[in-house]
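Worksheet: one structure, shown below.
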Amino acid sequence: MTYNEFIKTYEPTLRNYWNTVSPQLIHWKLSYQWPKNVCLKEFLSLRNQLESRINNDLNNLGYLNITTFDAVMIWGLWASFKCG
């Protein structure tokens, strides 16, 4: 099925879904947090610290050490790599 065929076939369903969720999008965007329960200012600080660690490892070692790699895994997946 092509994109246009899909749209034509499911247009009423897609419009209904859009009409249902679109009023909530602003609220969702304003209340979105990553990681959860971290305000934007703290998020940016944590993200910048992690970026600095990544850059330091890559510049000094040429790879991510296990603690930095673990921090990346926790940041992105909320799960430790648990290796070594």
Side-chain angles (χ1 to χ4, degrees):
M1 176 181 288
T2 67
Y3 172 81
N4 288 334
E5 291 169 337
F6 177 86
I7 296 298
K8 185 175 181 179
T9 301
Y10 296 103
E11 184 176 5
T13 302
L14 295 168
R15 287 190 185 279
N16 184 42
Y17 178 76
W18 175 251
N19 290 335
T20 301
V21 300
S22 63
Q24 301 172 54
L25 291 177
I26 298 294
H27 171 72
W28 291 344
K29 183 177 180 182
L30 293 174
S31 62
Y32 178 78
Q33 295 177 327
W34 184 267
K36 290 187 183 279
N37 302 318
V38 176
C39 69
L40 179 61
K41 186 176 181 179
E42 184 180 356
F43 158 81
L44 292 174
S45 175
L46 292 170
R47 188 224 165 265
N48 290 341
Q49 290 172 25
L50 183 56
E51 180 183 17
S52 179
R53 287 176 62 182
I54 292 167
N55 286 329
N56 284 338
D57 280 5
L58 293 176
N59 290 333
N60 295 327
L61 303 171
Y63 59 89
L64 299 182
N65 73 33
I66 190 64
T67 58
T68 302
F69 183 79
D70 215 34
V72 170
M73 293 294 291
I74 292 168
W75 180 264
L77 303 173
W78 297 347
S80 177
F81 184 61
K82 296 179 183 171
C83 180

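Since this is a predicted model, take the numbers as computed values, not measurements.
Under the side-chain hydrogen bond (donor to acceptor under 3.5 Å, both in side chains) criterion, no residue pair touches residues 16-25, with sequence neighbours excluded.
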D57/F69 under side-chain contact (heavy atoms from CB on, under 4.5 Å): CA gap, chis, key distance, verdict: CA-CA 10 Å; D57 280 5; F69 183 79; over 6 Å; no

Chi angles and distances behind the side-chain hydrogen bond (donor to acceptor under 3.5 Å, both in side chains) call for N4, T2: CA-CA 5 Å; N4 288 334; T2 67; 5.5 Å; no

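Annotation: I26, atom CD1; neighbour count of heavy atoms from other residues, nucleotides and ligands within 6.0 Å does not exceed 12.
Residue Y63 belongs to a hydrophobic cluster whose other members are L61, with links defined by side-chain heavy atoms closer than 4.5 Å.
Residues passing the side-chain hydrogen bond (donor to acceptor under 3.5 Å, both in side chains) test with T9: none are found, sequence neighbours excluded. Considering only residues two or more places apart in sequence or on other chains, E5 meets the salt bridge (Lys or Arg N to Asp or Glu O under 4.0 Å) condition with none of them. Applying the side-chain contact (heavy atoms from CB on, under 4.5 Å) rule to I54 yields the partners L50, L58, L64, T68, V72; only residues at least two apart in sequence or on another chain are considered.
Once rounded to the nearest 0.5 Å, the distance linking CD1 of I7 with CE of M1 reads 10.5 Å.
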Exercise answer: donor-acceptor pairs, residues 38-48 side-chain atoms, under 3.5 Å, sequence neighbours excluded:
residue, atom, partner, partner atom, Å
S45, OG, Q49, NE2, 3.2
R47, NH1, E51, OE1, 2.8
N48, ND2, L44, O, 3.2

